[in-house]
Amino acid sequence: MSKLYFTRHGQTIWNVEGKVCGATDIELTELGHKQAIELGERIKADKNIKIDEIVASPLIRAKNTAEHISEITGIPMHTDMRVIEQNFGKYEGGGRRSKEFSEARNNFIYSFDGGESMLKAASRVYNILDEIKKDKDKTYLIVAHNGIARIVNSYFKDMANEDFAAYAIKNCELLCYEFKNTNKEAD
């Protein structure tokens, strides 16, 4: 079975402040850079992890995280717009734990008044995952965002709407997924 690795970018000040980052281009904190460097060192040191290519969101927090990992490991990287964080429209910069935002995230066709619906975001992420799945000769690491982590997880695992909306990973947490060997293409 081929594998896919996924990580969320390092810490940002908006992560610390509990704000919705979304498509807003927020830089890494000093700790965020350190987390990315440490992840690169862990990947390089772990002989069981074999990654051929890094695909990163073009937002600076994910791109810088991927650059640190690439510099340390020597793994080539490029950015891809399909793994950019979902645009949360009017909620960007607001409280991530607000009741209004929590309720809005449960509506998968809502575009957050100027943002992007969950369904549209999932469509672009599923598209790149389908491409990666077909490339059986390479193992990829996607460096992206928490919202993208939800979508990636849902590609591999069935999730109830509430579980999907609540799913989160830590900054620079490394996840590994396995593509099932089937002749059937992903829907």
Side-chain angles (χ1 to χ4, degrees), residues 3-46 49 51 53-73 75 77-88 91-97 101-102 105 112 115-116 118 121-122 124-129 132 139-157 159 163-179:
K3 293 181 180 179
L4 170 75
Y5 289 91
F6 182 91
T7 193
R8 180 182 179 197
H9 60 79
Q11 180 194 74
T12 69
I13 191 65
W14 280 17
N15 295 149
V16 174
E17 294 172 350
K19 293 182 178 180
V20 177
C21 292
T24 305
D25 212 1
I26 305 298
E27 294 187 19
L28 295 173
T29 62
E30 186 176 322
L31 175 60
H33 285 285
K34 183 179 177 198
Q35 290 170 326
I37 290 165
E38 288 173 354
L39 177 56
E41 290 169 350
R42 281 196 326 262
I43 290 169
K44 184 176 181 178
D46 190 332
I49 298 175
I51 298 169
E53 193 169 331
I54 301 169
V55 179
S57 161
L59 293 175
I60 196 72
R61 59 194 184 267
K63 184 178 179 203
N64 283 167
T65 300
E67 288 169 341
H68 285 307
I69 295 167
S70 178
E71 288 167 7
I72 292 165
T73 62
I75 301 167
M77 67 151 287
H78 70 276
T79 60
D80 192 305
M81 288 295 293
R82 292 175 292 179
V83 295
I84 198 168
E85 180 61 295
Q86 181 179 355
N87 183 331
F88 292 107
Y91 296 102
E92 301 231 350
R96 183 178 22 203
R97 304 213 191 299
F101 180 62
S102 294
R105 281 194 340 193
F112 304 98
E116 178 185 28
M118 188 66 65
R124 63 179 162 81
V125 174
Y126 277 31
N127 179 272
I128 193 170
L129 293 173
I132 288 171
T139 299
Y140 291 85
L141 166 62
I142 294 177
V143 180
H145 311 274
N146 204 40
I148 304 306
R150 283 183 202 98
I151 296 168
V152 169
N153 195 60
S154 75
Y155 183 90
F156 290 93
K157 300 174 182 177
M159 302 173 78
D163 296 333
F164 179 89
Y167 184 82
I169 67 169
K170 297 175 185 165
N171 296 104
C172 289
E173 180 178 351
L174 186 64
L175 304 177
C176 181
Y177 295 97
E178 290 188 359
F179 291 104

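Not measured: the values here are computed from a predicted model. Just so it is clear, the values below take in all heavy atoms, side chains as well, and ignore hydrogens, waters and symmetry mates.
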Mind jotting down which residue pairs meet the salt bridge (Lys or Arg N to Asp or Glu O under 4.0 Å) criterion with at least one end in residues 6-18? Sequence neighbours excluded, please. Glu17-Lys19

Is atom CD of Glu178 surrounded by more than 12 heavy atoms (other residues, nucleotides or ligands) closer than 6.0 Å? yes

Is the number of heavy atoms from other residues, nucleotides or ligands within 6.0 Å of CD (Glu27) greater than 12? no

From the options Tyr140, Phe6, Tyr155, select the one residue that forms a side chain to side chain contact (heavy atoms under 4.5 Å, CB included) with Leu129. Tyr155

Point-to-point distance, once rounded to the nearest 0.5 Å, from NZ of Lys170 to CG of Leu175: 11.0 Å

Look up atom CD in Gln11 and atom NZ in Lys34, then write down how far apart they are to the nearest 0.5 Å. 11.0 Å

Roughly how far apart are Gln35 CD and Thr29 OG1, rounded to 0.5 Å? 6.5 Å

Measuring from Ile26:CD1 to Ile60:CD1, what's the distance to the nearest 0.5 Å? 11.0 Å

Rounded distance (nearest 0.5 Å) linking atom OH of Tyr91 with atom CZ of Phe101: 8.0 Å

Can you name the residues that form a salt bridge (charged side-chain N to carboxylate O under 4.0 Å, His left out) with Arg96, not counting sequence neighbours? none

Sort out for me which residue in Thr65, Asn146, Asn15 forms a side-chain hydrogen bond (donor to acceptor under 3.5 Å, both in side chains) with Asn171. Asn15

side-chain contact (heavy atoms from CB on, under 4.5 Å) partners for Ala23, two or more places apart: Asn87, Glu92

So His145 and Gln86, side chain to side chain donor-acceptor pair (under 3.5 Å) or not? Walk me through it. CA-CA 9 Å; His145 311 274; Gln86 181 179 355; over 6 Å; no

